[in-house]
Amino acid sequence: MSAVGSSNPEYVVARVRARRGSLYGDEEYRKLVRMSPAEIARFMEESSYETEINALGSRHAGVDLIEYALNRNLAKQFEGILDWSEGGLYDLIARYLRKFDAWNVKTVIRGIYTDAGQEAVEVDLIRAGEFDDRRIRRLLEADSIDAVIEVLEDTIYGEPLRSAYAEYEETDTLVPLENAIDRAFYERLLANLPGNEPTRQYEAFLKAEVDFRNADNALRLARSGADIDPAAYFIEGGDLFTRDQLARLARNLDELVEYIADSQYADELGPALRELEDANSLIAFEHATDVALLAYGDQLGTIHPVSVTPIISYILAKEREVDNIRAIARGKEAGLPADEIESELVIT
Amino acid sequence: MLEATNELGTVVLEAGGTLTNPDAAIAIAVGLAALGAGYAERGIGSAAVGAMAEDDDLFINGLILTVLPETIVILALVLVFVL
């Protein structure tokens with residue numbers, strides 16, 4: 001609801017735990033992998049996605065229908081969680097959900113840059129963040145990037161976007177604007193976290209996520225051998241790398257792999273790193289970071305059952321479910337065999 | 001704070017204050033028990049309402065769990081008749 005007053009974790013945790021029960025499990029995924037997109041939509045209609053499939057069914061079909069229904073359901077659920085929570089709890093949850101605001105701003109800017117129609121942009125938005133409908137409407141109605149920045153003037157993105165705008169005008173690429181949005185998001189993510197025990201677990205999870213993001217980027221840069229400054233992609237706040245370390249390690253793949261293998265994440269990522277050395281496949285590594293994060297998310301909330309951690313754990317599980325269903329639907333559309341799709345899914 | 005309450009109790013008793021009067025002591029005991037029950041019900045109640053919002057069938061379970069801490073007040077009430 002708002003960031004004033006005291007937290008109400010009991011209420012939110014009870015609701016979220018009930019919803020967790022209705023997420024898809026191994027059994028459902030096994031069934032979904034063997035269905036066609038139309039059947040998947042049908043299957044979703046009979047589960048918790050009923051309202052969305054019915055609302056969108058007349059306008060879209062096939063994989064698009066699944067995709068939009070997933071986005072809309074995700075948005076509805078996360079919006080609900082933000083609605084219920086109060087006080088310090090709201091602040092902690094909003095920190096993470098702001099990533100959807102960042103996504104929406106980026107989508108709108110890209111839409112303007114490529115001259116996409118307002119409707120095409122609208123269906124790609126995920127209204128799960130802190131922005132209310134009015135601000136999103138104004139964002140959609142903005143017809144230039146300058147106008148977008150004006151709409152965002154009083155948010156955390158206003159200032160960084162304004163200063164990145166000059167660089168955008170010079171180079172006519174979106175990279176400076178997108179970097180500015182990402183940096184604004186990550187700066188807020190880890191700043192001024194309160195210091196109690198459940199929050200420290202949450203913080204450790206966020207740091208792991210930043211570390212993995214950095215490691216993914218560094219590996220990708222090191223492997224491509226492209227002449228890009230790795231420091232420009234560095235995200236502050238993680239434990240694993242400092243800016244200089246990352247810049248140095250991204251020039252040498254072997255050193256980088258060795259560095260990660262010696263870090264605190266060695267247990268989770270070790271097998272994937274060996275595979276990376278043998279088969280030179282980045283996919284396995286990215287998959288391993290996803291699985292490690294999911295395992296971490298499942299663990300969250302077992303030690304402090306009435307705190308922010310079980311709520312974050314649910315948010316992660318829900319995101320993963322949406323990603324998995326999307327992967328299945330897209331894979332089916334592309335005609336991949338069932339076992340190949342299954343290997344792409346992130347299931348614990 | 002806990003050491004302070006102990007001292008406070010001694011002072012009150014020695015000075016022949018309220019707590020030497022059994023009726024007043026029982027009233028305070030029942031009141032504190034009710035306060036504790038209220039605090040416990042606050043958390044349980046909000047969780048129960050949350051669960052009911054997701055699934056109506058949980059109404060009975062929620063109601064029972066919400067009033068369980070009320071037993072402590074009844075136990076405290078026993079003192080009124082015993083002493």
Pairs of donor and acceptor atoms involving the side chains of residues 92-103 of chain A, under 3.5 Å and at least two apart or interchain, shall be tabulated with distances.
unit_1: Arg95(A); atom_1: NH1; unit_2: Arg188(A); atom_2: O; d: 3.0
unit_1: Arg95(A); atom_1: NH1; unit_2: Leu189(A); atom_2: O; d: 3.1
unit_1: Arg95(A); atom_1: NH1; unit_2: Ala191(A); atom_2: O; d: 2.7
unit_1: Arg95(A); atom_1: NH2; unit_2: Asp91(A); atom_2: OD2; d: 3.4
unit_1: Arg95(A); atom_1: NH2; unit_2: Ala191(A); atom_2: O; d: 3.0
unit_1: Arg95(A); atom_1: NH2; unit_2: Asn192(A); atom_2: O; d: 3.3
unit_1: Tyr96(A); atom_1: OH; unit_2: Lys99(A); atom_2: NZ; d: 3.2
unit_1: Tyr96(A); atom_1: OH; unit_2: Glu319(A); atom_2: OE1; d: 3.3
unit_1: Arg98(A); atom_1: NE; unit_2: Glu130(A); atom_2: OE1; d: 3.0
unit_1: Lys99(A); atom_1: NZ; unit_2: Glu319(A); atom_2: OE2; d: 2.8
unit_1: Asp101(A); atom_1: OD1; unit_2: Glu130(A); atom_2: N; d: 3.2
unit_1: Asp101(A); atom_1: OD1; unit_2: Phe131(A); atom_2: N; d: 3.3
unit_1: Asp101(A); atom_1: OD2; unit_2: Glu130(A); atom_2: N; d: 2.9
unit_1: Trp103(A); atom_1: NE1; unit_2: Asp124(A); atom_2: O; d: 3.3

All donor-acceptor atom pairs under 3.5 Å, backbone and side chain, chain A-chain B:
unit_1: Glu10(A); atom_1: OE2; unit_2: Arg42(B); atom_2: NH1; d: 3.3
unit_1: Arg15(A); atom_1: NE; unit_2: Glu54(B); atom_2: OE2; d: 2.9
unit_1: Arg15(A); atom_1: NH2; unit_2: Glu54(B); atom_2: OE2; d: 2.9
unit_1: Arg19(A); atom_1: NE; unit_2: Glu54(B); atom_2: OE1; d: 2.9
unit_1: Arg19(A); atom_1: NE; unit_2: Glu54(B); atom_2: OE2; d: 3.1
unit_1: Arg19(A); atom_1: NH2; unit_2: Glu54(B); atom_2: OE2; d: 3.1

Open item on the list: Could you check whether atom CG of Leu79(B) has more than 12 heavy atoms from other residues, nucleotides or ligands sitting under 6.0 Å from it?
Closed with: yes
Open item on the list: Considering only residues two or more places apart or on different chains, which pairs with a residue in residues 300-309 of chain A satisfy salt bridge (charged side-chain N to carboxylate O under 4.0 Å, His left out)?
Closed with: none
- [ ] Would you mind telling me which of Gly45(B), Ala47(B), Ala48(B), Ala51(B) has the largest number of heavy-atom pairs within less than 4.5 Å of chain A?
- [x] Ala47(B)
Task: With sequence neighbours excluded, residues passing salt bridge (Lys or Arg N to Asp or Glu O under 4.0 Å) with Arg200(A) - done: Glu197(A)
